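Take a look at the structure below.
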Amino acid sequence: MRVLLNAYRGSPFCGGLGVYLFYLSRELAGLGVEVDVVVGPPYPDPLDEWATVHKMENLNIWMVRTRSMPYETRKRLFSPWNFVDYLLTRFHVFPEMETFSMRSFFYLRDLLKKKRFDIIHDVNTLGWGLLPMKGYGIPVVSTIHHPLNRDRSADLTMDTTFWGKLTTLLFYPLGMQRFVGKRLDRIITSSYEGVEELGRAFGIDRKKISVVFNGMDVDLFRNTGEKREQNALLFVGNTEDHKKGVHFLFEALSLLPEKVRLTVVDEKKQNASGLVKKFGVEKRVEFTGKVDHRTLVSLYSRKTILVMSSLYEGFGLPAAEAMACKTPVVATAAGALKEVVDADTGILVPPGDAAALADAIMRLLNDAGLRKKMGEKGRLRAENNFAWPVAAKNTLDVYRDVIAGFRSSQ
Amino acid sequence: MPRAKIWGFIAVFLSVFLLAFVIYAIFIGKNDHAIPVDLNAIGVMTYYSMAAPLLLISLFVLGIGFWIGWTIITIKVVPPMPEIVEKNDYSKIKAAVLCAVTLAAALMLVYGFYLRAYWALAIPAAVISLVVLGAVFWVGIAIITTRSTLPKGKEES
């Protein structure tokens, strides 16, 4: 099978999109699939070992003033799609997905003269360019981890000025994603909660959505054997993202005994700084800043419990990573978290309830036997459900199904 | 001189010339006999081929403005979000003004289009031209007035 992966960003060090592209392309290649990747910057350097990489230009000029752009960027602004990018970004629109998909569409026109593909797999772009791409006679599927409505709602809820709300509305290309998403051959999402969410937000027919759980590197994320710390909680995530519900995390900490400490894997940013002060837990919270994978695995292996206080999660990767490191989880039953964490591997509480979060943490801190049992079962669950080879195999099954349906309808 | 700078100069001269031309033709020289200000004097096909694209683009932009205002007015603050409860928020009032202004502008535009009024076409044409040419001018100036940050050997000739 020949697959074309299409992603507007590609570096595994710059976000989930790049991580997804890196592991999925590697595992698909391992299953004998011929993989080509059309990708925008930051580019995925090491993919060449198992895939053919086609690099698209993108100047990344959103929120960059013209006078602050490097000369090398400025002199590229007059090429057609870069100028479209430039004009739209001046009005606070985020056009990266639109222009990437159009560049990709025109690039494919030439590429298809030399190569054929059985399927095009777009990763989270849902740009206008995917619709004319269907005219090439190849089925097009897209992965959406969660619709951006959730992010937009969270931002709008926190914007207290007219200008803030206006720029938020201009930023998210929801109209485009809704229009394009409904017209693709299949949507892949990472949870059953996501199926409902996509149906509600984008009006996508549930029958056109397939669930493939997110993958993770279970060889990298495994218990290091370091000694477990006592009464040590861990939180991994962006504290500025209001969907993470850090307000309730710090409130829950203030309800727990003084000896309970929290490590936050993130920079100490404005929102979190204000909240730790508000709840009087400054001395009990440590911020690590950004950490590399080795340090993260070590933290998962050493801390007593991972806590996820989210109000919504499209998947909840930190929970799966902690489980792979034999660390029990206390999480909210928000979004897809209830599909990642089950009763054998952690405790689920209602989202937005600091008292329930504190109670669950206390119950687990007081029961070493339960923690150990949950940790062991967590590792098993991660290996069987969230490993990349499993995700790649399930994705390949979706490809086969889509291709068979597409060819029978021709 | 690097090729990019040559393009920068061309962009600046061309955009300044066209900007001056647009402003003169639309606002100053409109009473010259050479310019057909009376749109009723031109044929139906000619009028609609010019006016319809301009009207659609203008309504699209005004529609976005109205949609933004309407969305802000109808946002429901999702509980629980205790961080923002105490903050004053006047954005709904401003959003209502935005809705009213964009709606009024759209109605005036459609009415002007129906009457074949000169300003119903001239103002959108001027705004679109000024935004695009202004961007070309600004990028051109930015290219002309800066030096390459690449090492000397790697600069283009």
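Below, read A as the first sequence line, B as the second, and so on, with proteins coming before strands; counting in each chain starts at 1. Since the model is a prediction, treat every value here as computed from it, not as a measurement.
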How about [atom1] on [X], more than 12 heavy atoms from neighbouring residues, nucleotides or ligands closer than 6.0 Å, or not?
X        : atom1 : value
A/Lys269 : NZ    : yes
B/Met108 : CE    : no
B/Lys94  : NZ    : no
B/Trp70  : CH2   : no

Please report the shortest heavy-atom distance between A/Arg152 and B/Thr71, naming the atom on each side. NH2-CG2, 4.3 Å
Under a 4.5 Å cut-off applied to non-hydrogen side-chain atoms, are A/Phe91 and B/Val131 in contact? yes
When you compare the side chain of B/Tyr90 with that of A/Thr161, does any pair of heavy atoms fall below 4.5 Å? no
Keeping A/Arg74 on the side-chain end and B/Ala142 on the backbone end, is there a donor-acceptor pair under 3.5 Å?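 The answer is yes, because a donor-acceptor pair under 3.5 Å joins these two groups.
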Going from [atom1] on [X] to [atom2] on [Y], what distance comes out if it is rounded to the nearest 0.5 angstrom?
X        : Y       : atom1 : atom2 : result
B/Ile10  : A/Phe78 : CD1   : CZ    : 10.0 Å
A/Leu169 : B/Ile64 : CG    : CD1   : 11.5 Å
A/Leu77  : B/Trp7  : CG    : CH2   : 14.5 Å
B/Ile141 : A/Thr66 : CD1   : OG1   : 12.0 Å

Measure from NZ or CZ of A/Arg67 to the centre of the six-membered ring of B/Trp138, then state whether that distance is under 6.0 Å and the direction lies within 45° of the axis.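 Flagged: A/Arg67 positioned over aromatic ring of B/Trp138.
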Is it the backbone or the side chain of A/Leu166 that comes under 4.5 Å from a heavy atom of chain B, or both, or neither?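 Both backbone and side chain of A/Leu166 come within 4.5 Å of chain B.
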Which of A/Tyr86, A/Trp163, A/Phe83, A/Phe162 touches chain B most, by non-hydrogen pairs under 4.5 Å: A/Phe162
